[in-house]
2 protein chains.
Amino acid sequence: MNHYPLNKDPFKETFGSLENLVDKISDVLQCPVTIEDANHRLLAYSSHEGQSDKARVDTIIARRVPEKVINSLWRAGIIPKLNQSNDPVRISEINDIGLGDRVATAIVSKNGILGYIWVLEIDKRLSEEQFSLLKQAAQTAKNQLLQVQVRKKKKQEGHQELFWQILTGHLKSHEEIKEKIEQFGLPPSLPASVIIFQFKDEITPKIESHISYMVTTTQQLRITFFVISRHELILLGSPLQGSEDKSATVNFIEDFISQMGKRFKVNNIQGACGSSYDTYEKVEKSYHEAITVLNIKNQFPQEVGDTYSYQQLGIYRYLEVLLKKKQEDGYENATLKKLGEYDGINKTQLLETLEIYLNNDSNVNDAAKELHIHTNTLIYRLKRIVEIADIDLKNPNQKMTLYLDIKLNKLI
Amino acid sequence: MNHYPLNKDPFKETFGSLENLVDKISDVLQCPVTIEDANHRLLAYSSHEGQSDKARVDTIIARRVPEKVINSLWRAGIIPKLNQSNDPVRISEINDIGLGDRVATAIVSKNGILGYIWVLEIDKRLSEEQFSLLKQAAQTAKNQLLQVQVRKKKKQEGHQELFWQILTGHLKSHEEIKEKIEQFGLPPSLPASVIIFQFKDEITPKIESHISYMVTTTQQLRITFFVISRHELILLGSPLQGSEDKSATVNFIEDFISQMGKRFKVNNIQGACGSSYDTYEKVEKSYHEAITVLNIKNQFPQEVGDTYSYQQLGIYRYLEVLLKKKQEDGYENATLKKLGEYDGINKTQLLETLEIYLNNDSNVNDAAKELHIHTNTLIYRLKRIVEIADIDLKNPNQKMTLYLDIKLNKLI
DNA sequence: AGTGCGTTTGTAGAATTACACAAACGCACT
DNA sequence: AGTGCGTTTGTGTAATTCTACAAACGCACT
């Protein structure tokens, strides 16, 4: 086993590539070593002949750390610990994801995390000295990564401009867009849908880096593009071929929102997506659909708060059209008008009662609970409503009309 | 008591007016006498000082026979009997409408009924001779009425042309239309709505006379205009001030259809009406609404078969707009598609099951009955549907979306 | 304070609906 | 003919909803 003196830095020489560096580290520490970027994408791995654990193999195969592993590392508090610590951190094995004992360190520049170095402890634990060596290795890796960073940033700016052109319909034809995307060396990924996240507060550079992390680490969707404007994050995402589950996009949205909260304490994010289309020219449409979803979610937080996709909106997709038609017709629901008048005179809440009853799929128990009243009170009120408004609550057409008209009235 | 010899016709002289004639008849028969036209509108009544029954008084006050009385006479089979008989007919009292014993005869020309003469039998019954005299009186009345008929016909043709102009939007401004209507001496009657009846078979002159009868005898609505084209009868009707009930128009439609069937054996009539508006310029709109109702009723006979007004259409009013939006969006309900495919492969009827379940307001019993299956079968199918289509049948938004999309699919 | 009206809550039995399970059926496939 | 799958029907029980009725409350009006 080689021994390097502490006072001499074995990583002082220049390494042509990260591969050389990782081999050197592996050589010095006598362990399998992996370097990944800030988003857990594999940058280099040592060709050490010894054993590897499952997590490492999977990472190398996929050229990125599996999302399951990332999630697990977050849950165990390891990633935050790495990000905050200046020194290497020892991580005990996590069996269910095939992660053996290891030591890791973040590669940090003054602008934040650039990546991580992972060292597997197959047969023996690293010594204090070796911890120190690893820290020096991270210093050297930093310089290499900074160069990559700049190149990537420039590239991304080009992507963003292209994405805006697609979103705004500046580029119309599918062929044209496809060509441009290929020019950028981006993988073709269709069908695709546009996803928008709306942040309550302005997106700071810090949040931006969190977003970038989330977007690149997710493996639920392939994110071809993403751009950030003041309060919004807009993505173009495609479901992976593996998951034929159509709800991949919706799952991604839910996870993104929940993890931004849990991991980075960034809350109050609204998410929405348009439909999935198989040609690029329809991306613009998907974008507008996503905007519609956001608008409707803002207008009807209770009704469609847990809904993210344009498809899921159901009847709410039609509200705008219906409102327009209603105004053209000069239509007013006589029933609701009567109830409203009655409410005004008698200080009752028949309208609200009816709405919540309908919201709850005509279930008296659920509706009564939501209204905080006795079931019989609700039944009594419903009888009153039927009398006053002269309606039939067993007639689906009437019920739907009432439901829609109630919601439409809220729009004005 | 005067006695006129049988062989001498006391009505041979010329009478300047119907009033003179009616007084003469009353004088000859020594009874109160009333003459009305074919539509039971009062033409003349004797000023005989004696008693009268309630029906006669009401008729004179309203200048027409009350609808209740007409209905009662039809129910008792008296009107048809009068229309078919060449001789006067004796009618026994009908207490609940205040109709005392009387004798009546139709006034008939070769083109049909022109009117009726009613003779009250207050103290004594008419003799055979007097029957004969009454028959002669009817002959004389006929000539007078024929002249009136011609004048009325001409007037009506003028009305019809005006009505068409209003319906087709040829006359746009309210003021202009109002003026024209006043020129015709027609009563101003607003709010008004357009009513259309669609006849399965072509409207023959005979049916036309029945229509005319129905339209002029009804007292549920004031019918300002009516025109007849090949298969259609179009009316402009206003609710009477007395009945503030908004469903007067709908009631009229229902009664019209049922009575055309019962009284004249004219069946297969579809009826519909537009909304009520208070300016004449909106009559055109009401007309188009009525047409829409008819179209939708033809497309959804089951769903809105018992619905007549544009308002009652509820959600079906929106179908056209929704279809348009749907086509613009290129939207297809994935759920329904899946179910349809499943039905195709497994020869099941999940789609139909779902539709009828939703039609029946999610009531398993009613739906099972309509489907002629066991309740548990329905429950089983619903579970399948939920599985296959991945939907939540407790979510009103989803349910409404499914309902609407099912109906929309039927439109194509 | 009393009266009347509309409203709310409670109780209890009847009617419906939900759920689990077993049996049998039809049909395609071998 | 047997097997498996999806479907249909029947049974029994638990849960829920409907219904009617009684009691009490809040509030305006007198």
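None of the values given here were measured: they were computed from a predicted structure. Just so we're on the same page: letters track the sequence lines, and every chain starts at 1.
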Query raised in the report: What base-paired stems does DNA chain C take part in, with at least 3 consecutive Watson-Crick or G-U wobble pairs and both distances under 3.5 Å?
Result: C:1-30 with D:1-30
Query raised in the report: Rounded to whole angstroms, how far apart are CG on B/Asp366 and P on C/dA15?
Result: 17 Å
Requested in this report: Would you kindly give the CG-to-C1' distance between A/Leu382 and D/dA20, to the nearest whole Å?
Outcome: 17 Å
Report summary line: In this structure, CD of B/Gln299 is separated from NZ of B/Lys410 (nearest 0.5 Å) by 11.0 Å
Query raised in the report: Do B/Tyr316 and B/Leu322 have side-chain heavy atoms sitting under 4.5 Å apart?
Result: no
Report summary line: Heavy atoms of B/Cys273 and B/Val293 approach each other most closely as O-CG2, 3.9 Å
**Report entry** Any donor-acceptor N/O pair, A/Asp343 side chain to A/Leu350 backbone, under 3.5 Å
**Finding:** yes
Polar atoms only, N or O, under 3.5 Å: list the protein pairs with nucleotides 5-13 of chain D and their distances.
{"residue": "D/dG6", "atom": "O3'", "partner": "B/Tyr342", "partner atom": "OH", "Å": "3.4"}
{"residue": "D/dT7", "atom": "OP1", "partner": "B/Tyr342", "partner atom": "OH", "Å": "3.0"}
{"residue": "D/dT7", "atom": "OP2", "partner": "B/Tyr342", "partner atom": "OH", "Å": "3.4"}
{"residue": "D/dT7", "atom": "OP2", "partner": "B/Tyr380", "partner atom": "OH", "Å": "2.9"}
{"residue": "D/dT7", "atom": "OP2", "partner": "B/Arg384", "partner atom": "NH1", "Å": "2.5"}
{"residue": "D/dT8", "atom": "OP1", "partner": "B/Arg381", "partner atom": "NH2", "Å": "2.8"}
{"residue": "D/dT8", "atom": "OP2", "partner": "B/Arg381", "partner atom": "NE", "Å": "3.1"}
{"residue": "D/dT9", "atom": "OP2", "partner": "B/His374", "partner atom": "N", "Å": "3.2"}
{"residue": "D/dT9", "atom": "OP2", "partner": "B/Thr377", "partner atom": "OG1", "Å": "2.6"}
{"residue": "D/dG10", "atom": "OP2", "partner": "B/His374", "partner atom": "NE2", "Å": "3.4"}
{"residue": "D/dG10", "atom": "N7", "partner": "B/Asn376", "partner atom": "ND2", "Å": "3.2"}
{"residue": "D/dG10", "atom": "O6", "partner": "B/Asn376", "partner atom": "ND2", "Å": "2.9"}
{"residue": "D/dT11", "atom": "O4", "partner": "B/Asn376", "partner atom": "ND2", "Å": "2.6"}

Requested in this report: Mark yes or no: B/Lys338 above the aromatic ring of B/Tyr342, with NZ or CZ under 6.0 Å from the six-membered ring centre and no more than 45 degrees from the axis.
Outcome: no
Query raised in the report: Is there side-chain contact between B/Tyr318 and A/Lys326, with heavy atoms separated by less than 4.5 Å?
Result: yes
Measure all distances between protein nitrogen or oxygen atoms and nitrogen or oxygen atoms of nucleotides 23-30 of chain D, and list the pairs falling under 3.5 Å.
none

Which pairs of donor and acceptor atoms, one on a side chain in residues 388-396 of chain B, lie under 3.5 Å apart (sequence neighbours left out)?
{"residue": "B/Asp392", "atom": "OD1", "partner": "B/Lys394", "partner atom": "N", "Å": "2.9"}
{"residue": "B/Asn395", "atom": "OD1", "partner": "B/Asn397", "partner atom": "N", "Å": "2.8"}
{"residue": "B/Asn395", "atom": "OD1", "partner": "B/Gln398", "partner atom": "N", "Å": "3.1"}

Requested in this report: Round to the nearest Å and state the distance from B/Asn360 atom CG to C/dT16 atom C1'.
Outcome: 15 Å
Query - Within 6.0 Å of CD in B/Glu387, more than 12 heavy atoms from elsewhere - result: yes
Query - Residues which pass side chain to side chain donor-acceptor pair (under 3.5 Å) with B/Asp329, listed by chain and number, not counting sequence neighbours - result: A/Tyr310
Query raised in the report: Who are the side chain to side chain contact (heavy atoms under 4.5 Å, CB included) partners of A/Gln349, not counting sequence neighbours?
Result: A/Glu352, A/Thr353, A/Arg381
